[in-house]
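First the structure, in the form of structure tokens, and then the observations on it.
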Amino acid sequence: MSIEAVSTPDRDMLRPLRYLWRVPLLLLHIVLGILLCGFILTWNRNAVMKNGREPFAHRMIRWWSTALMRIFGLRSVRFGQPLRDAALFVANHTSWIDIELLHSQRAACFVAKAEIANWPLVGWLAASGGTIFHRRGSNHSLAAVMQVMVDRLRQGRSVAVFPEGGTGHNGVLKVFHARIFQAALDAEVPVQPVALRFARDGKRIVDAGFREHENFMQNFLRMLGGPSMDAEVHFLEPVPTNQDGRRRMAELARERIAASLEDRA
């Protein structure tokens, strides 16, 4: 597989100019996000798809996420079709932008680390969008999260998770944790793998996400000033459900995502 290790040159002369117009747009878009959460999502956070039609709140989430990505110079491109509600979407994870990338194509309740709930503004926006917060390393938290996932799925809402349990670096796809697949089995809903891929001129860019030892703000500012690229969302063939083989479900989902991440000839 051919991988472009660095997405931008060390000396990017256009970066200051991108900040000049992207920062004001971002601030305006955040205000729109606050209004969206305050006047729409707060009252419609439990809306579900009916007869395959998205509720208005879901369409607003997709619109806001798509516009946010455009501000960052990311063009969201969809391959394949997402399953109708309710479904469990499992995706690879490289950075915070992955949530917005999937949301640009399909509104879903994400499972995210509990620390995000305490982030100023971001935590409130995430909670308004239906995020389920999990305290990593806590079995009690995981059991509670799993029950919320099952409840949401049974209510007709879709849930999205990153089964690697954390972000990967340098294009490495880590092992998928199998336990998270139990929620789909308990709720009796399908599981659809989703490959999230950043590319330019057809070549995958692995450092669009977190680099090693890079924190959220460093990654945020680097992406905000970076050159344009494609942000691909590949909805893949659902994995067969097997009550006795959630480990096999995890392995098969990982295999399909890994194959989709490879560069095209």
Side-chain angles (χ1 to χ4, degrees), residues 41-62 65 80-93 98-114 116-117 126-136 138-165 176-196 233-254 256-257:
L41 297 186
T42 300
W43 307 103
N44 295 275
R45 64 176 60 190
N46 295 319
V48 297
M49 187 178 287
K50 295 181 179 179
N51 299 319
R53 299 183 61 182
E54 284 184 304
F56 180 69
H58 289 194
R59 294 199 300 272
M60 289 298 96
I61 289 174
R62 291 202 300 108
S65 297
Q81 292 294 327
L83 295 176
R84 293 184 176 184
D85 286 337
L88 178 66
F89 297 106
V90 294
N92 57 302
H93 194 24
D98 297 336
I99 294 177
E100 301 306 327
L101 176 52
L102 205 156
H103 262 166
S104 71
Q105 301 297 332
R106 188 68 155 77
C109 303
F110 272 86
V111 176
K113 60 182 181 181
I116 293 178
S128 298
T131 299
I132 305 168
F133 296 107
H134 167 51
R135 190 171 303 281
R136 292 176 181 174
S138 170
N139 288 330
H140 175 74
S141 174
L142 179 58
V145 166
M146 291 286 289
Q147 186 56 55
V148 174
M149 289 174 59
V150 172
D151 291 342
R152 297 273 179 92
L153 291 168
R154 286 175 174 170
Q155 290 167 6
R157 305 184 68 187
S158 287
V159 175
V161 297
F162 302 116
E164 294 171 271
F176 281 14
H177 296 287
R179 184 175 178 181
I180 206 74
F181 289 77
Q182 188 63 45
L185 295 174
D186 292 346
E188 299 181 338
V189 299
V191 177
Q192 185 171 32
V194 184
L196 306 178
V233 186
H234 297 258
F235 291 98
L236 308 174
E237 181 183 355
V239 298
T241 56
N242 187 334
Q243 286 288 347
D244 300 319
R246 64 186 187 187
R247 165 50 54 192
R248 180 53 189 157
M249 291 172 63
E251 291 173 348
L252 184 57
R254 184 184 181 280
R256 291 180 179 174
I257 290 175

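No experiment lies behind these values; they were computed from the predicted model shown. All residue numbers in this chain count up from 1 along the given sequence.
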Value for CZ (F162) from CG (L102), rounded to nearest 0.5 Å, stands at 7.0 Å
Taking atom CG of L83 and atom CD of E237, what is their separation to the nearest 0.5 Å?
10.5 Å
The salt bridge (charged side-chain N to carboxylate O under 4.0 Å, His left out) partner of E54 among R59, R62, R106 is R62
Side chain of Q182, backbone of R246: donor and acceptor closer than 3.5 Å?
no
Taking R254 first and then E251, would you say they form a salt bridge - that is, a charged N and a carboxylate O separated by under 4.0 Å?
no
Show the nearest heavy-atom pair for residues A253 and V90, with the distance to one decimal.
CB-CG2, 4.0 Å
List the atom of I180, the atom of L88, and the distance in Å for their closest heavy-atom pair.
O-CD2, 4.0 Å
Between Q147 and D151, do the side chains contain a donor N or O and an acceptor N or O under 3.5 Å apart?
yes
Is any side-chain heavy atom of M146 closer than 4.5 Å to one of D186?
no
For the student: nearest non-hydrogen atoms of N92 and L196, plus distance
OD1-N, 2.7 Å
Measure up the F89 and F235 rings against each other and bin them: parallel (under 30°), tilted (30 to 60°), perpendicular (over 60°).
perpendicular
Could you check whether any side-chain heavy atom of V233 comes within less than 4.5 Å of a side-chain heavy atom of P82, counting everything from C-beta outward?
no
So which heavy atom on L236 is nearest to which on Q192, and how close?
O-NE2, 3.0 Å
Check for a donor-acceptor pair, side chain of S158 on one end and backbone N or O of A87 on the other, with a separation under 3.5 Å.
yes
All heavy atoms of E164 vs all of F176, minimum pair found to be CG-CE1, 3.5 Å
Grab the two heavy atoms, one from P193 and one from P238, that are nearest each other, plus how far apart they are.
CD-CA, 4.0 Å
My understanding is that only residues two or more places apart in sequence, or in another chain, count here; which of them pass side chain to side chain donor-acceptor pair (under 3.5 Å) with Q105?
S76
Going from NE2 on H58 to CZ on R157, what distance comes out if it is rounded to the nearest 0.5 angstrom?
5.5 Å
